[in-house]
Amino acid sequence: EVQLQASGGGLVQAGGSLRLSCTASRITFDDGAIHWFRQAPGKEREGVSCIRRSDGSTYYADSVKGRFTISSDNAKNTVYLQMNNLKPEDTALYYCTLTTPLWPVGGEYCSVQYPDYWGQGTQVTVSS
């Protein structure tokens, strides 16, 4: 069974930075995608950023473009989400997820809104 371990959340002032990490274990395929979602109380879940495992192609929500950067270290099976210039509206529980390459989406794994595996959330709180 695939396992995802997310870490790196915390409390930071507006304008500050955090780096989230997502380490995956027991993965037996080279494609699919790691997608970060977030959910704040009373708000809908939002896809934040995604990276395809085979070619490193990335996706960012408009709300984080220019501030967040997703990257991967395939040797460590770890994906990082560098979050700069954080805003209070970035406050949420962040989840790292894995979409397997079984989805028939023509390789557009970052388009999948219901990933196959979810890690535990890591809380990000940005104070004003």
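Reckoned from all heavy atoms, side chains included, excluding hydrogens, waters and symmetry mates.
Taking every heavy atom of both residues into account, M83 and L20 meet most closely at CE-CG, 3.7 Å. When every heavy atom of A61 is checked against every heavy atom of G47, the shortest pair comes out as CB-O, 3.3 Å.
The cluster map of Ile, Leu, Val, Met, Phe, Trp and Tyr, joined by side-chain heavy atoms under 4.5 Å apart, puts W36 and Y60 in the same cluster. Tracing side-chain contacts under 4.5 Å through hydrophobic residues (I, L, V, M, F, W, Y), one never reaches Y95 starting from V64; they form parts of separate clusters. L93 and L11 are not part of a single hydrophobic cluster, where members link through side-chain heavy atoms under 4.5 Å apart. Note: the hydrophobic cluster containing L81 also contains Y117 (ILVMFWY, side chain heavy atoms under 4.5 Å, direct or indirect links). In terms of hydrophobic clustering, with Ile, Leu, Val, Met, Phe, Trp and Tyr side chains grouped at heavy-atom distances under 4.5 Å, V2 and I34 are assigned to a common cluster.
Although no hydrogens or angles enter the test, the distance criterion places a donor-acceptor pair under 3.5 Å between the side chain of R67 and the main chain of N85. Checked by atom type and distance alone, the side chain of S49 pairs as donor or acceptor with a backbone atom of Y59 at under 3.5 Å. Side chain of T91 to main chain of V126: a donor-acceptor pair is present (N/O by atom type, distance under 3.5 Å, no hydrogens or angles).
Atom-to-atom distance recorded for Q13:CD and S128:OG is 9.5 Å, nearest 0.5 angstrom. To the nearest 0.5 Å, the span separating CG on L4 from CD on Q120 amounts to 8.5 Å. A distance of 11.5 Å separates CZ in R19 from OG1 in T69, rounded to the nearest 0.5 Å. Atoms CD and OG, on Q5 and S21 in that order, are 10.0 Å from each other to the nearest 0.5 Å.
A distance below 6.0 Å separates the ring centres of F37 and W118.
Salt-bridge formation is not detected for the pair R53/D30: no Lys NZ or Arg NE/NH1/NH2 atom is positioned less than 4.0 Å from an Asp or Glu carboxylate oxygen.
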| Step-by-step side-chain contact (heavy atoms from CB on, under 4.5 Å) determination, I70 to V79 | CA-CA 7 Å; I70 193 168; V79 169; 3.7 Å; yes
| task | Carefully, step by step, assess R52 and D31 under the rule side-chain contact (heavy atoms from CB on, under 4.5 Å). | result | CA-CA 7 Å; R52 184 175 176 180; D31 209 347; 2.7 Å; yes
| request: Test T125 against V12 for side-chain contact (heavy atoms from CB on, under 4.5 Å), laying out the working first. | output: CA-CA 6 Å; T125 303; V12 65; over 6 Å; no
| said: Could you go through T58 and F68, starting from their C-alpha distance and side-chain angles, then the distance that decides it, and tell me whether this counts as side-chain contact (heavy atoms from CB on, under 4.5 Å)? | reply: CA-CA 11 Å; T58 58; F68 290 12; over 6 Å; no
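Sorted by first then second residue, the salt bridge (charged side-chain N to carboxylate O under 4.0 Å, His left out) pairs that include residues 36-50, not counting sequence neighbours, are R38-E46, R38-D90.
For the residue pair N84/S17, the side-chain donor-acceptor check at 3.5 Å is satisfied. Under the 3.5 Å distance criterion, with hydrogens and angles disregarded, no donor-acceptor pair is assigned to the side chains of S7 and T122.
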Tell me which donor-acceptor pairs under 3.5 Å the side chains of residues 105-116 have, and how far apart each pair is, sequence neighbours excluded?
from : atom 1 : to   : atom 2 : distance (Å)
S111 : OG     : E108 : O      : 2.5
Q113 : NE2    : S111 : O      : 3.4
D116 : OD1    : W103 : NE1    : 3.3
D116 : OD2    : T100 : N      : 2.8
D116 : OD2    : T100 : OG1    : 3.3
D116 : OD2    : W103 : NE1    : 2.9

